[in-house]
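Naming: A, B, ... by sequence-line order, numbering from 1 per chain.
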There are 2 protein chains.
Amino acid sequence: MDKQSSNTLSRIMTYAEKECQARSLRLTPVRRRVLEMLVKHKHPVSAYQLLDELVEEGHKPAPPTIYRALDFLLEQGFIHRLATQNNFVACTHLGTLHMGVFLVCKRCKKTVELLGDSIRETLVDQADQNEFSLEEALVEVNCLCQPCQSQQERDQP
Amino acid sequence: MDKQSSNTLSRIMTYAEKECQARSLRLTPVRRRVLEMLVKHKHPVSAYQLLDELVEEGHKPAPPTIYRALDFLLEQGFIHRLATQNNFVACTHLGTLHMGVFLVCKRCKKTVELLGDSIRETLVDQADQNEFSLEEALVEVNCLCQPCQSQQERDQP
DNA sequence: ATATCCTATGTTATAAAATAACATCTGGGG
DNA sequence: CCCCAGATGTTATTTTATAACATAGGATAT
């Protein structure tokens, strides 16, 4: 891993630790390990992928252990869930109030998380008009990233 | 069923038939039946609920049959999939170019589909800035509808 | 210190959602 | 009529997620 992502990783872990302390919650070894793994991955990963990685490390947790850790991290806003992919991904806007808006390349799965402020405004508005109160939202956008667009053109000219 | 929804049902089925004809595709009995069931339901329903209903009717299809029908209906844009709920719902804006934007009451599951034009514009914009080309998007908004807000207040004052 | 309680984790089993792989049917074009 | 592509049937399996109950471990009060 390069210096940049290493910095990012440690900064995120420090942030998570402080947040947990502030909220009187425990960032236990399993939770910490799962968060670390998610931060290190470039792409969203599934619960069972995480499970397999832990098994390789010697730990042998069962599915509920992973799902409980994921639930915790979701609740604290440290990670997001991409429902169309059955995947989880570390939040890249920790500490910033935002809505989960994701561009996902449907070919290589490269994922970019946006802040989605203007979308949030629109949604609050439209929810209001329909007498719904917005609680939380998930926006998943199936895309092609630039390299995959080029590749696609080469594949099917 | 009241006259209004009956009209809606038959109008939708007629629309689907014409569209299939125009595209040289077959709205087979299974596909037709699944679409009918989805239109009749007020809330999004799961593939296995649909399966159970067909079993009750005497038909005894296996999961692949339902999923193939659902895939067909999704491709034709007659229905949408709500990924966070593992549910499917009939499109309420047939014939209108739109993006799937859903307000879903997290208590009673009442669901409203919006056209989402302004959100689409925003997303195209932001995808562009990130060198992604938008293909399709899913926006699911967890909400509380007005009656459920009131109920919630009564439950937990 | 230790009893107690709450939270987290371990463990086993199972439910729920989706798909793979292959067989069979069917209906429209030659 | 025959053929073939597309649709459905069938069986088995994979993938994702949770239920239910047992155990451990850390903070708090006494």
Side-chain angles (χ1 to χ4, degrees), chain A residues 16-17 19-35 37-38 43-55 57-76 78-89 109 138 140, chain B residues 16-17 19-38 41 43-55 57-76 78-89 109 138 140:
Chain A
E17 249 157 47
E19 280 304 303
C20 284
Q21 217 158 12
R23 300 173 199 170
S24 304
L25 298 169
R26 294 159 57 195
L27 190 62
T28 62
V30 189
R31 291 168 178 176
R32 161 188 297 279
R33 193 73 199 84
V34 170
L35 178 54
M37 294 193 309
L38 281 171
H43 303 312
V45 292
S46 77
Y48 279 78
Q49 281 177 262
L50 296 171
L51 203 70
D52 289 345
E53 288 180 32
L54 283 182
V55 169
E57 286 181 9
H59 249 258
K60 306 236 183 218
T65 300
I66 296 291
Y67 280 102
R68 284 188 287 229
L70 290 169
D71 285 345
F72 174 85
L73 298 171
L74 284 169
E75 270 163 31
Q76 302 316 311
F78 300 156
I79 66 172
H80 297 285
R81 182 169 125 83
L82 295 178
T84 63
Q85 328 256 328
N86 287 328
N87 274 348
F88 301 85
V89 66
K109 301 301 174 192
L138 171 66
E140 284 187 54
Chain B
E17 249 157 48
E19 280 302 304
C20 285
Q21 218 156 11
R23 301 173 198 171
S24 304
L25 298 170
R26 295 163 54 197
L27 191 62
T28 62
V30 189
R31 293 167 176 176
R32 160 188 297 279
R33 195 71 201 85
V34 169
L35 179 54
E36 277 175 7
M37 292 193 309
L38 281 171
H41 276 281
H43 303 314
V45 291
S46 77
Y48 279 78
Q49 281 177 262
L50 296 171
L51 202 71
D52 289 344
E53 288 180 32
L54 283 182
V55 169
E57 286 181 8
H59 250 260
K60 305 234 183 221
T65 301
I66 297 292
Y67 280 102
R68 285 189 286 230
L70 290 170
D71 284 346
F72 173 84
L73 298 171
L74 284 169
E75 270 162 32
Q76 301 317 311
F78 300 156
I79 66 173
H80 297 285
R81 181 169 125 82
L82 295 179
T84 63
Q85 328 255 328
N86 288 326
N87 274 347
F88 301 85
V89 66
K109 300 302 172 192
L138 169 67
E140 285 186 54

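- In this entry the distance linking CG of B:L74 with P of C:dA18 reads 11 Å, nearest Å.
- Rounded to an integer number of Å, the gap from CG of B:L51 to P of D:dT10 is 13 Å.
- Rounded to an integer number of Å, the gap from CG of B:L70 to C1' of C:dT19 is 13 Å.
- In terms of heavy atoms, B:F72 sits closest to B:R26 at CZ-O, 3.9 Å.
- Looking at the side chain of A:S46, the nearest of the listed nucleotides C:dA18, D:dT16, D:dT11 is D:dT16.
- Going from atom CZ of A:R33 over to atom P of C:dT9 covers 15 Å, rounded to whole Å.
- Nearest heavy-atom pair, A:R31 versus A:L73, reported as atom, atom and distance to 0.1 Å: O-CD1, 3.9 Å.
- Across every non-hydrogen atom of B:L70 and B:A47, the tightest pair is CD1-CB, 3.8 Å.
- Across all their heavy atoms, A:N87 and A:Q49 have their closest contact at OD1-OE1, 4.4 Å.
- Heavy-atom neighbours of A:H43 NE2 from other residues, nucleotides or ligands within 6.0 Å: above the threshold of 12.
- Contact annotation: A:R81 does not reach the phosphate of D:dT16 (side-chain N/O to OP1 or OP2, under 4.0 Å).
- Side-chain N/O atoms of B:N86 include none lying less than 4.0 angstrom from OP1 or OP2 on C:dA16.
- The environment of B:Q21 atom CD is sparse: at most 12 non-hydrogen atoms of other residues, nucleotides or ligands sit within 6.0 angstrom.
- To the nearest angstrom, P of D:dT10 lies 11 Å from NE2 of B:H59.
- Taking atom CZ of residue A:R23 and atom C1' of nucleotide C:dT7, one finds them 18 Å apart after rounding to whole Å.
- Between the side chain of B:Y48 and the base of C:dA18 there is at least one donor-acceptor pair of N/O atoms closer than 3.5 Å.
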Filtered N/O pairs between nucleotides 6-8 of chain D and protein, under 3.5 Å:
| from | atom 1 | to | atom 2 | distance (Å) |
| --- | --- | --- | --- | --- |
| D:dA7 | OP1 | B:R31 | NH1 | 3.4 |
| D:dA7 | O5' | B:R31 | NH2 | 3.3 |
| D:dT8 | OP1 | B:T28 | OG1 | 2.3 |

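- In this structure, A:N87 places its CG atom 13 Å from P of D:dT15, rounding to the nearest Å.
- To the nearest angstrom, C1' of C:dT7 lies 15 Å from CG of A:D71.
- Proximity of A:H59 to A:R33: side-chain heavy atoms (C-beta onward) are nowhere separated by under 4.5 Å.
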